There are 2 protein chains.
Amino acid sequence: MTDDLKTSILQASVQLIEDGGVGALSMREVARRAGVSHQAPYHYFPDRESILSEIVREGFTLLHDMTAEKVARVESPAAMIEAMGLAYVEFALRHSAYFQLMFRSELVNLNRHPETKAAADRTFELVIDIVTRAYGAAEPGAPRASAEDGEDPVIRRVIACWSMVHGLSHLLLEGKLDRHHGGSPEARLDAARALVSVYVEMIAPGLPQR
Amino acid sequence: MTDDLKTSILQASVQLIEDGGVGALSMREVARRAGVSHQAPYHYFPDRESILSEIVREGFTLLHDMTAEKVARVESPAAMIEAMGLAYVEFALRHSAYFQLMFRSELVNLNRHPETKAAADRTFELVIDIVTRAYGAAEPGAPRASAEDGEDPVIRRVIACWSMVHGLSHLLLEGKLDRHHGGSPEARLDAARALVSVYVEMIAPGLPQR
DNA sequence: ACAGCGCCCTTGACAGTGTCAAGCCCCAGA
DNA sequence: TCTGGGGCTTGACACTGTCAAGGGCGCTGT
């Protein structure tokens, strides 16, 4: 397999974070694990941030695909919103290394990495699309304001959905909710799933169930 | 002003984060700004994490007090929930250095710092108390389950409130929502305030308005 | 056949970091 | 006057990311 060092470096980085948290991330240790010299990674990437940026890009793509796939399996608006939320927390908990990097702008500044930003935007567009479809089916005539986005009800709902599942994911990963379910990964996922259902009832009380 | 170096170090640390983000935090730079040698801070603290832990402790205390004060000013259950949410996002945006450290377990592991953990727990207890009072006033007879906390409706609501405002705060601080309001601090706060109102309507649709 | 080139990677050095280990200065108390 | 120790400094170490240079090796053109 040619050009394998590049992917080895990315994989080793993710593994390192999963093993010891993002605080344990060191490119020299990554190189060590990949069995190369400490400068080998920088043959493929200009600097450390670019390596992390590539991981973030993969993360957003993965989240996008997981979301699209889960949402495609259901029919009703309410189920779509729920599937979207489930995809988010499952992604966060199962691929926590990716998730953490994706929301740490001091490690990866998306403005310096247009391709990664594009991947993030694609994911966001997908979410907007799903929310629009879910609520559009519920309120077929709802107009889509575009002058002032802050007033756009769709954007508002997107931000509401996103904040809830994002906050839940972040608090779970930080261990802030451990006392309410014990800290094992499976317990976390179960708690997350239950809470997503609750959230969906709250955020989408009027959505058709089927 | 005796013993002032200790507080100078804490202040300089916070200032450094506010200036350049948590990535720019360096204890040697802190010492430089305080005008002392690079080891002076470690006369008062055993290690870097303990310095940050002290800041986190102050942060939780500040959040606790801001929340209590804002909630005390209002009467109705709905207004209490809203005041609590506002206190949270305002704290996060106005004291972002504290907020970021408080939710970064790789920098400060609360299990290693019992006093800080106690401050965090006090804040959490306050929130539980507020939610209990707000919903208790709305549903006077509601029982308080305690065997399995995950099933406790109060805890559920607390986590719901918390997730929403925490996710909103985190996304705002990460700049993920900038495109929908422009990135200035004041615009962020305004957007946050508007969204908290929306959230309160969602999470507490049935609460008395006065 | 062979010189030259470019890709892939290594080696070495540098400034920066947090932390360990001493040591220095000065003042209170005996 | 001597002693002890609180408050800080100095120096060293291992570690980090990054800059600069160089080495080996397969392909290509002549």
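Atom set for the values below is all heavy atoms of this structure, side chains included, hydrogens, waters and symmetry mates excluded. Worth saying up front: this structure is predicted, and the values here are computed from it rather than measured. Lettering of chains follows the sequences in order, A, B, ..., and the numbering in each one begins at 1.
- Dense packing is recorded around CD of E125(B), with more than 12 heavy atoms of other residues, nucleotides or ligands lying under 6.0 Å away.
- One can place CD1 of I9(B) at 12 Å from P of dG7(D), the figure rounded to the nearest angstrom.
- Rounded to an integer number of Å, the gap from L52(B) CG to dT17(C) C1' is 14 Å.
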For nucleotides 24-27 of chain D, give me every protein contact, N/O to N/O, under 3.5 Å, one pair per line with atom names.
none

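- Neither OP1 nor OP2 of dG16(C) sits under 4.0 Å from any side-chain N or O of R32(B).
- Within the structure, ring pair (Phe, Tyr, Trp, His ring centres under 6.0 Å) pairs that include any residue of residues 93-132 of chain B comprise H180(A)-F124(B), Y88(B)-F99(B), F91(B)-H95(B), F99(B)-F103(B), F99(B)-H166(B), F103(B)-H166(B), F124(B)-W162(B) (at least two apart or interchain).
- The CE-P distance, from M27(A) to dC19(D), rounds to 14 Å in whole Å.
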The test is salt bridge (charged side-chain N to carboxylate O under 4.0 Å, His left out); show your working for K70(B) and D65(B) and say whether it passes.
CA-CA 8 Å; K70(B) 264 188 149 33; D65(B) 294 352; over 6 Å; no
The contact string for nucleotides 9-14 of chain D, one letter per nucleotide 5' to 3', using protein heavy atoms under 4.0 Å with B, S and - for base, sugar-phosphate only and none, comes out as BBBB--
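- Closest approach of L168(B) and A192(B) over heavy atoms only: CD2-O, 4.0 Å.
- No hydrogens or angles considered: nothing links the side chains of D129(A) and T132(A) as a donor-acceptor pair under 3.5 Å.
- Crowding of E75(B) atom CD: a count of heavy atoms from other residues, nucleotides or ligands under 6.0 Å not exceeding 12.
- Note: NZ (K6(A)) to C1' (dC8(C)) measures 14 Å, nearest angstrom.
- Using a 4.0 Å heavy-atom criterion, one finds that Y42(A) contacts the bases of the nucleic acid, with or without backbone contacts as well.
- Side chains of R33(A) and D19(A) form a contact here, defined as non-hydrogen atoms less than 4.5 Å apart.
- Put simply, the side chain of S50(A) never gets that close to the backbone of P46(A): no donor and acceptor are under 3.5 Å apart.
- Look at OH on Y44(A): it is 9 Å from C1' on dC7(C), rounded to the nearest Å.
- The side chain of S26(A) contributes an N or O atom lying less than 4.0 Å from OP1 or OP2 of dG17(D).
- Regarding L25(A), its CG atom lies at a distance of 17 Å from the P atom of dC15(D), rounded to whole Å.
- At least one donor-acceptor pair closer than 3.5 Å links the side chain of Q100(B) to the backbone N or O of S96(B).
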